[in-house]
Amino acid sequence: MVMALRMTHFSWIFLLMMSGVYSADDWGVSYSSSYICALKGSSVIMSCTYKYPTGYKIKKVFWTKLIEKGVEPPDLFNDSEYSQRIRYLGDKQQNCTIRLNDVTQKDSHKYYFRFITDKDNGRWIGIQGVTLEITDLHVESPESVTEGDTVSLTCKSTCNLTDRATFIWLKNTQSLTERNNKLLLQSVRREDAGRYSCAVHGHKLTSPHVYLNVKYPPKETFAVVSPSGETVEGDSVNLTCSSDSNPPADIHWFKEKTFLTHGQIYSITSIRSDDSGEYKCKSRNEVGEKYSDAVTLNVMYSPRNVSVSMSGSGETVLGDSVTLTCSSDSNPPVLNYTWFKENESSAVGSGQSYSALQSGFFYCVAQNQHGSQRSAAVQVTVEAVKDFTAVAGVTGVCGGLIFIIIILFVWKKNHRHDDIRQKQDDLYVNTTCRYLAHDGALSEVNTANQNHAQHVSVAPRGLNGDQTTGRTLNSGDTEEIQYITVTFHRNQEMKRPEENETQYDNIRIHQPDAAMRSADETVDDQTVIYSTVK
């Protein structure tokens, strides 16, 4: 179509030249620029000049975008799509410049200037025209970068802008200092992630934003226990792992070094004491991984496995004690240990250890803030002192007393005057030997031992012959002990504790009857000695 118009145009010129009316230099349209690249929404100025022969007058000037053979081109000023946006800036002599406001993609086209004179053969169109291309802006950037990389963002249009442009960069609607169509980010940080867009200074058009995705490994990974505070056996607990990473990290849970499960939250329902320990989470993505610090679960529980241990076999003699020790498993440790004797409601002691002084079944109760538990009962047997020990003790005491009495008599004999005769019908020493068992009770003597220590006889050396009454004694024998009988009496029946004792031990010292002594012997004194041993 353009070639046909050119041929028609040249045909007109040729016909005019042949007729001698005017030359080709008398007619023409000159455009300042045959190509314009403008931003969407901007105003475009298409400048041109025209000329025609002398003697012609301009009747009409207009711009058009359609040229068809044999058809008069339409006037853009009469087109509803242009009428409100186009303005003629030229005159009707030489200037044919126009301005088109708020251009859109639909305005991308080729435009021509045409003028008509007052003569029928005086019409002209500038077939070279002006090509207008409307463009928008967009930002080119990589889809994602890794922290530490260098990245370049470019502000682009579909054509090279005709006017020299000063670019403006925006991040999250905030203006940056860069003024070129390229934005260079070196050693990208996670803070550089965001929405970027560009614009041209003096124009309203702003490119659609693009999101710069900066990947980085997990950071600030930490685990939290909820609810916080004391955890008691039977409670429900959630452990939550938080991590800052891009892309989002996968979460792995561990107790000590043992893997537990995946997921941001690890839940424990009806927690038990063996759930106590250190927990940590690991966050991992395609860039790296990081462990959290360990958090400790300390599960509290009431005493359990309460038991009693004892020193020795649990059997002891009267006066000694058996030490009982209470042990248990609890968290926190047991606050109170209380001791009871079975079938008794009142406590008999407290503390982790207890000394049992009497026979019976004993148990302990362990208690902390969360509850208590009692142990099984253990038996303690306390036995009385053995019989042979009691007899030996009494015999030893009495023997010692006899020895003292003999010493006293020897002493008296050596210190009396030679002419003093001693007259002693009977010397009684009543010795009461008492001994009490522990807690005031004397153990019953076995039947087999009841005949021990019935009497003890002591005879002085040199005494021969019959010791019957009426025998004449030598003067040297009158003051000697003839014989001593020790009689040990025991109760055959058990009496009350305060009465259960040996009543008397009688020590009798026999000498010749008074009739056998010389009539002239003078008895200075008759002495009876009583000795009581308790």
Side-chain angles (χ1 to χ4, degrees), residues 1-39 42-79 81-83 85-104 106-135 157-165 202:
M1 181 184 296
V2 174
M3 291 299 295
L5 289 173
R6 288 182 177 178
M7 291 298 297
T8 303
H9 175 65
F10 286 117
S11 298
W12 290 346
I13 295 173
F14 177 75
L15 291 173
L16 289 172
M17 291 177 64
M18 290 296 293
S19 61
V21 175
Y22 60 88
S23 65
D25 295 334
D26 294 332
W27 298 87
V29 176
S30 297
Y31 300 100
S32 299
S33 176
S34 60
Y35 176 82
I36 298 175
C37 175
L39 287 172
S42 64
S43 295
V44 178
I45 295 178
M46 292 180 280
S47 301
C48 68
T49 58
Y50 64 98
K51 61 181 179 179
Y52 51 90
T54 303
Y56 288 79
K57 293 182 179 180
I58 298 298
K59 183 178 180 181
K60 183 180 180 180
V61 293
F62 62 93
W63 285 75
T64 185
K65 64 179 182 179
L66 293 174
I67 298 178
E68 292 184 14
K69 182 179 180 179
V71 178
E72 183 65 25
D75 186 349
L76 289 180
F77 290 92
N78 297 328
D79 190 332
E81 292 186 2
Y82 292 91
S83 60
R85 301 184 293 127
I86 194 169
R87 183 177 180 184
Y88 188 73
L89 302 178
D91 54 29
K92 292 186 178 181
Q93 295 179 358
Q94 293 181 340
N95 194 338
C96 54
T97 302
I98 62 169
R99 182 174 67 198
L100 183 60
N101 298 322
D102 195 19
V103 294
T104 66
K106 292 181 178 181
D107 295 329
S108 295
H109 217 285
K110 194 168 187 176
Y111 295 87
Y112 309 94
F113 175 70
R114 181 172 176 76
F115 62 91
I116 300 174
T117 65
D118 56 351
K119 300 183 183 297
D120 291 340
N121 59 352
R123 299 174 178 228
W124 195 267
I125 186 169
I127 61 173
Q128 183 181 5
V130 177
T131 300
L132 177 62
E133 185 174 356
I134 306 303
T135 183
S157 59
T158 55
C159 58
N160 294 325
L161 296 175
T162 302
D163 296 335
R164 184 173 181 178

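- No side-chain heavy atom of Tyr52 sits less than 4.5 Å from a side-chain heavy atom of Asp26.
- Atom CZ of Arg114 sits about 11.0 Å away from atom CG of Asp75, to the nearest 0.5 Å.
- Tyr82 approaches Lys65 most closely through the heavy-atom pair OH-NZ, 3.1 Å.
- You'll find the side chain of Cys37 reaches within 4.5 Å of the side chain of Thr162, heavy atoms only.
- A distance of 9.0 Å separates NZ of Lys57 from NZ of Lys119, quoted to the nearest 0.5 Å.
- Between Tyr56 and Asp118, the shortest heavy-atom contact is CA-OD1, 3.9 Å.
- Contact check for His109 versus Asp107: no side-chain heavy atoms found under the 4.5 Å cut-off.
- Side-chain contact between Phe113 and Ile98 is absent, with no heavy-atom pair separated by less than 4.5 Å.
- Considering only heavy atoms from C-beta on, Glu133 comes within 4.5 Å of Thr158 through its side chain.
- Contact record, Phe115 with Gly28: CE2-O, 4.3 Å, taken as the closest heavy-atom pair.
- You'll find the side chain of Tyr111 reaches within 4.5 Å of the side chain of Leu132, heavy atoms only.
- Listed for the Thr117 side chain is a donor-acceptor partner under 3.5 Å among the backbone atoms of Gly122.
- The backbone N or O of Phe77 lies less than 3.5 Å from no partner atom in the side chain of Ser83, so there is not a single donor-acceptor pair.
- Pairing each heavy atom of Cys159 with each of Tyr35, the nearest pair is CB-OH, 3.5 Å.
- Not a single donor-acceptor pair under 3.5 Å links the side chain of Arg85 to the backbone N or O of Leu100.
- Counting all heavy atoms, side chain and backbone alike, Ser34 lies closest to Gln128 at CB-NE2, 4.1 Å.
- Side-chain atoms of Lys51 and Gln94, non-hydrogen and from C-beta on, never get closer than 4.5 Å to each other.
- Put simply, the side chain of Ser108 gets close to the backbone of Ile134: a donor and an acceptor are under 3.5 Å apart.
- A donor-acceptor pair under 3.5 Å links the side-chain atoms of Thr64 to the main chain of Pro74, judged by distance alone.
- Considering every non-hydrogen atom in both Thr97 and Ser47, the closest pair reads OG1-CA, 3.3 Å.
- Trp63 places a side-chain N or O within 3.5 Å of a backbone atom of Cys96 that can act as its donor or acceptor partner.
- Remark: the backbone N or O of Thr49 is not paired with any side-chain donor or acceptor of Asn95 at under 3.5 angstrom.
- Around the CG atom of Asn78, the shell of radius 6.0 Å holds more than 12 heavy atoms that belong to other residues, nucleotides or ligands.
- Taking 4.5 Å as the limit, some side-chain heavy atom of Glu72 sits within range of a side-chain heavy atom of Arg123.
- Judged by a 6.0 Å distance limit and a 45° cone about the ring axis, Lys110 is not positioned over the six-membered ring of Tyr112.
- Rounded to the nearest 0.5 angstrom, Thr131 OG1 and Met46 CE are separated by 10.5 Å.
- Put simply, OG on Ser33 and OH on Tyr31 are 12.0 Å apart, with the number rounded to the nearest 0.5 Å.
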